[in-house]
Structure formats: structure tokens, C-alpha cells
Number of protein chains: 2
Amino acid sequence: MTRREPLNREKVLDAALALAAEEGLKGLSMRKLAKTLGVEAMALYNHVRNKTDILDGIAERVYSGIERADPDSPWPERVRVTVLNTYRALAAHPVVPMALATDEANPNSLQALLPLDDLVGALYEAGFDDDGIRPTLGALNSLVFGSLLLTTVGFTKARKGEAEREQDERFLRRIDPAVLPNFSRAIPALQAHDPEPDFMRALDLLISGLVAAAASGPGTAWPLRGPARRRRDRRPGSV
Amino acid sequence: MTRREPLNREKVLDAALALAAEEGLKGLSMRKLAKTLGVEAMALYNHVRNKTDILDGIAERVYSGIERADPDSPWPERVRVTVLNTYRALAAHPVVPMALATDEANPNSLQALLPLDDLVGALYEAGFDDDGIRPTLGALNSLVFGSLLLTTVGFTKARKGEAEREQDERFLRRIDPAVLPNFSRAIPALQAHDPEPDFMRALDLLISGLVAAAASGPGTAWPLRGPARRRRDRRPGSV
DNA sequence: ACCTGAACACCGTTCAAGT
DNA sequence: ACCTGAACACCGTTCAAGT
């Protein structure tokens, strides 16, 4: 198989994204990737520093594809749209959140921070101060990553999955309603659904919490506070 | 080095937890694990089915160490304490959320589902119906996993970290306040903090959203709904 | 019953060598 | 300038062999 044009970084990243979509993060190896490009593994190192560089590259690509929200919309809507668009971009390429979570990739382009900047701006406008920004942003980011990882999990095996699914079935049948009364009642409702609508509802739940916190102003921004295992009537000074 | 007593499953799991705490999920290999036990890698297979079995085993251990909430406390407090205790148990052993996220482990003991059962019970009591349980539980789970993964990330490198930290510094200095005005303003506030208090505040934010949704009753439980990218003046079914 | 050595099929990466 | 082959230091796991 002769190749007219030589390889380049963009072609390597294209192929990496395609291979990862097929086989997941584990299946994305330098050797297999090279094979899809009709080349030996070592040839890749002429166009890419190492595997981390590839993962950083695809993360950067996916991040820069995030649509930005209308800057004139009210802040809760801006939060909602920014976070949802981030979710959508990452959900389309599950390798990226996976690689970020395992620290195999790191977001390292400034452009990728634009949606984050929008988010921070919306939160400032909502009235959160510097100390409220951090946990609030953390909540939004965690929701995105957590949702992606929990629903994306096993997406590699998902297609092989005959035996897997049967094992899950067996596990569910072993559940004793006497020991797990609530969970066993919820099992039918917890079966696989389209993850995006569920994410949207979860996000709205969180945003309604943000709205309540913003409305109550500083000092009372976090209801329901108190140390975890001790009862306390006083609420130690928040924000 | 002579050993009086032979190995057993519990000792293997102990050593695995210890090695993973030192070296992270990547550092936990069968060969290295065997070495810490003064044995060859292949000896482990007499006590454990394979590596997945080890990861399942430590996940099960950590999960069964989750303290349960007082069943007589009001439902929002029960949600808060259950989720917080889950967070704490997993935060003490970051390999576990990591292994679950990468699908290298799967929770497969019924006992591990007890906290989840408590959570579902609290949500039913709050008035969520079957269709509301799923996204609500998803939001709580996602918050826990997302928070753990985002703050745990790089915990392996964290101790090596001189060069790493310097690189982060350089990245932050490259940020142009003209292009990322909000984010650059927030940088000081976003610097590393103790993650647990931030998690608690994020959780309280979400719970206040749950309380609002529960109070508004079925049918209007999710404020701020509406399609993502279209502007809308009307807000369907707000609280 | 428990452990080991050699082997197989994989990894990422380096280095000298080819064109 | 770009690619390759051989090699190094790793993986998880199987299998026959040792005690």
C-alpha cells in the first residue's frame, strides 16, 4: 500500500479520534493507531511528541468545538446553555472526559477556557463572590464529568455486551426486596434511558439551587449547612 | 525470605489498597503488587481470579465502609449525610472511584447498595416519582464522582510534582485578561483548597434544588426547562 | 495446596539505520 | 524529511512444572 502524501499531526488526531470512538481509551494504542494509518508505530513520533500529546490534541479539538451561549441571555440561562453545550461536545467524544479523568490528558489551550470564562462571568453576575465561585463552578463541572463518566462507563464493552448484559440481569435478580426495599422498587425506573434528558433535568435541579442561593444573598447563600455527623443549631458563617 | 503463613485473599486486597494509595491505579500492577508481598506475580492467581477481581474486592470493601445516615432524620438531611459519607469513604481511597469510572471495577455486592437504598428511600419520601428518581439520583451520584475525579486527578503525580506545578504556573501566567476576563479574575479564588468543604457547599446547593423541586410537587418539579439553544421569554412550568 | 519459570500477546518509547 | 526494525522495560495471564 503506497501513500502519496506523508502523515501530519491533524491526520494523526483524526485517526485517534476515530479509533477511540471504535475501541475506547484502552483500545487507543500507538501500535493500533499506526496500523489504521498504514504505518509502523514509530512513524507517529515524527508528528506527535508522545501519546499524551495525542490525547491533549483531541481534548483541545473537542473543547474548542463547544458552542458558546448568547451573552445577552439571563445568567441562569447562560449557565444552563454553556454547561449543556459542554456536556454535548464531550458526550460526542467520550474518550475526552475519560482521558481527562484519568489524567492522561490535560486541557492546555487557552481557547478551551472560553466556555469556562462564560460560566464564571455568569456566576459573578448572579452575585456569587470569589469564595462562592469555587464550589459553584465545582458543582457544575462535577455534574458534567460525573454524568459523562457514569453513563459512558463501559461504552467499549457496550457493543460486545451479550454476556455482560446477562450478568447484570442476574445481579439485579439477586436483589432481595426485604434488604433493599427502596432500591428494588426503583429498579424499573433506573433502567437505561437516554442520558441527555436526564442530564438536563439534573442540571436544572442544580441551577434552581443556584438561583435560590443567589436570591438569598451573601451570608445565607447555602441553606442546610452544618457539620455532617453532629447536630448544630447555629450555622457557621458561610461565604 | 521465608514466610510462615500462606497468602490469602484478604492479604492481597490489603496490599492492593496500600499499593494503590502509594502509586495510584496505574501503579497497581500484578507484578508490583506481588513484589510487595514477597512473591512472584503468578502466585496471586491462587487467591484472586484476576486483576478485575482485586479491584472489585477493594471497591466492595470501601463501599461497605460507608456510614449510614440516621433513618429518623428529615429526608434532606438524610440525603446530605448519605451522600457526604459516600464522598468521604471514596475520597479516602481514590483508586476506587477511578477504577469505577474507567470500568476496571464494578460494584457487585448487594451490601454496597445499602447507602443507595437509603438515598432512594429519602427521595421517594421527598415526593419524587419513579421518573424523577432517576435524574435526581443521577445528579447526586454525578456530583460525588465528578468531585472526586476532578480533585483526585493527578494524585499520583501530586507528590512528584515539582516540574508539574511549575508548568501549571506558566500556563496560568499565559492567560490574557483581555480574552478571559472573568476566568482570570477568579484565578486566585480557584487555587487549590481543601476539597471536602467545597464538596459540602456544592452538595447543599444541589439539595436546595431538590427541596425546591419537591415542594413544587409533580409536574412542575423542574424549573428553568426549555430547549437549549433557542431563546425563550416564557419559562415553562417554573416553581 | 501453594508457588515458580518460561512463555505469549500486548504496551510506550528510544535509537540507530535506512530512503 | 520521513519511515522502519530491533530493542528495552514494562503489562495481564496461561500453563506446565516443581514442592
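Note that the structure is a prediction, hence the values are computed from the model and not measured. We name chains A, B, ... by the order of the sequence lines, and we start the count at 1 in each one.
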Between A/S109 and A/Q111: side-chain donor-acceptor atoms closer than 3.5 Å: no
Charged N-O contact under 4.0 Å between B/D131 and A/R201: yes
Contact letters for nucleotides 12-19 of chain C, in which S counts primed atoms plus P, OP1 and OP2 and B counts the base, heavy atoms under 4.0 Å: BBB-----
Expected output: side-chain A/D117 to main-chain B/F183 donor-acceptor under 3.5 Å: yes
Spacing of B/L33 atom CG relative to D/dC10 atom P, expressed in whole Å: 17 Å
With B/R61 via side chain to side chain donor-acceptor pair (under 3.5 Å) - residues at least two apart: B/E10, B/D14
Whole angstrom value for the distance that separates C1' of C/dC2 from CZ of B/R9: 17 Å
Donor-acceptor pair, side chain of B/K51 and main chain of B/L28, under 3.5 angstrom: yes
Secondary structure of DNA chain C in dot-bracket form (Watson-Crick or G-U wobble, distances below 3.5 Å, | marking inter-strand pairs): ||.|||||...|||||.||
Whole angstrom value for the distance that separates C1' of C/dT4 from CG of B/L7: 14 Å
Phosphate OP1/OP2 of C/dA1: any B/H47 side-chain N/O under 4.0 Å: no
Over 12 non-hydrogen atoms of neighbours within 6.0 angstrom of CZ in B/R9: yes
Polar side-chain atom of A/R134 near backbone of B/A189 as donor-acceptor pair, under 3.5 Å: yes
Any donor-acceptor pair under 3.5 Å from A/D176 side chain to A/A178 backbone: yes
Nearest-Å distance for atom pair CD/P, residues A/E40 and D/dC2: 18 Å
Separation of atom CG in A/L37 from atom P in D/dC2, rounded to whole Å: 15 Å
